[in-house]
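This report refers to the structure that appears directly beneath it.
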Amino acid sequence: MQREPPVPRDLDAFQGRVREVYRDHYRPMEWRADPAPYKVFISEIMLQQTQVPRVMRLFPLFLARFPGFGELANASFADILQAWTGLGYNRRARYLQEAACLVRDRHGGVLPREVETLRTLPGVGAATAGSIAAFAYNVPAIFIETNIRRVFIHHFFPDRREVHDREILPLVEQSLDRENPREWYWALMDYGALLARSGDNPNRRSRSYVRQNSFRGSDRQLRGMVLRHLVDHGSIAAEDIPAYGAAEGFPPVRVEAVLKRLEDEGFLQRTETGAIVLRR
DNA sequence: GTCCCGTAGC
DNA sequence: GCTACGGGAC
């Protein structure tokens with residue numbers, strides 16, 4: 001038997017509340033002041049898994065270095081990774097450049113506006129495609145990300161656990177301001193960010209909530225160390241590889257395993273002397 | 001130590 | 001469905 005989805009009895013009241021919060025808690029951001037497609041695109045990729053304050057710090061530096069899709073597509077990967085330092089999840093830096101190449105080669109240098117087309121870009125999933133369409137082009141896309149999820153769980157599922165995104169999506173659709181989706185989604189996200197800071201995080205009652213393993217001692221930590229080292233120093237000599245990471249307690253076998261995976265993923269290469277360098 | 005944040009690949 | 005993937009704030 002299908003569970004009856006909770007109906008927003010007073011959608012007007014909900015929308016009113018969202019707008020009220022928005023007026024009081026609007027967060028100014030460079031990519032909001034000027035929602036040019038390139039700025040929106042870069043900011044949304046950065047904002048995957050990375051909080052707004054950190055993105056705000058690094059975004060202007062990245063934009064100064066790579067002002068548009070052409071410059072990003074033509075840049076060396078080492079330069080991009082350098083500008084990415086501090087944001088984490090470095091695969092995004094690779095997707096970003098691959099996407100820039102696709103925009104240049106397949107879309108005439110113009111970021112597509114259709115959600116389905118945006119979704120074909122590497123590193124762009126449902127949430128990012130919807131965000132880009134809404135923010136860059138004011139398209140009334142229907143999507144869920146963490147802030148939106150928080151607002152709807154808080155408002156419409158106060159006593160529920162394990163709330164599925166399937167249950168939330170119809171409410172997003174019904175409440176969307178189709179006249180001005182850009183502004184509406186900014187409002188939802190600012191409201192969600194406010195809820196995150198005030199006590200319990202409603203997203204822990206989402207079906208999709210998962211706790212992550214600790215960072216210290218993880219492969220993620222080791223990968224981060226290796227890439228950071230290569231960005232700062234250019235290479236790791238062959239004879240230094242076995243002892244690399246020893247200070248943080250990583251045995252040589254783990255270092256080798258992580259290097260191999262980074263190589264397979266296209267982050268780095270080995271030279272004739274067996275040294276490790278970033279991909280050309 | 002705990003938390004936060006989407007995508008890809010399986 | 002599940003898991004890998006950073007790095008900083010608290």
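To find a chain, count down the sequence lines: A is the first, B the second, and so on, and within it residues start at 1. The shown structure was predicted, so the numbers you read here are calculated from the model rather than taken from an experiment.
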Could you check how far [atom1] of [X] sits from [atom2] of [N], rounded to whole Å?
X	N	atom1	atom2	result
A:R223	C:dG7	CZ	C1'	14 Å
A:D232	C:dG7	CG	C1'	14 Å
A:L81	C:dC5	CG	C1'	14 Å
A:R57	C:dG6	CZ	P	18 Å
A:F267	C:dA4	CZ	C1'	12 Å
A:L222	C:dA4	CG	P	15 Å
A:E265	C:dG6	CD	C1'	13 Å

Quick check, are the ring centers of [X] and [Y] under 6.0 angstrom apart?
X	Y	result
A:Y38	A:F69	yes
A:F135	A:F41	no
A:F250	A:Y244	no

Can you tell me how far CD of A:E44 sits from CD of A:E145, rounded to the nearest 0.5 angstrom?
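The CD atom of A:E145 sits 8.0 Å away from the CD atom of A:E44.
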Mind jotting down which residue pairs meet the ring pair (Phe, Tyr, Trp, His ring centres under 6.0 Å) criterion with at least one end in residues 188-218 of chain A? Sequence neighbours excluded, please.
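Checked against ring pair (Phe, Tyr, Trp, His ring centres under 6.0 Å) - neighbours excluded - no pair reaches residues 188-218 of chain A.
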Sugar-phosphate atoms are those with a prime plus P, OP1 and OP2; base atoms are the rest. Using that split, label each nucleotide of nucleotides 1-10 of chain B B, S or - for protein heavy atoms under 4.0 Å, 5' to 3'.
-SSBBBSS--
Base, sugar-phosphate, or nothing for A:R261, non-hydrogen atoms under 4.0 angstrom?
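The residue A:R261 makes sugar-phosphate contact but no base contact.
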Just so I know, are the side chains of A:R216 and A:E248 near enough to count as touching, which here means a heavy-atom distance under 4.5 Å?
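In short, these two side chains touch, coming nearer than 4.5 Å.
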On DNA chain C, compare the nucleotides closest to A:H164 and A:L87; which residue's is nearer the 5' end?
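Nearer the 5' end of the strand: A:H164.
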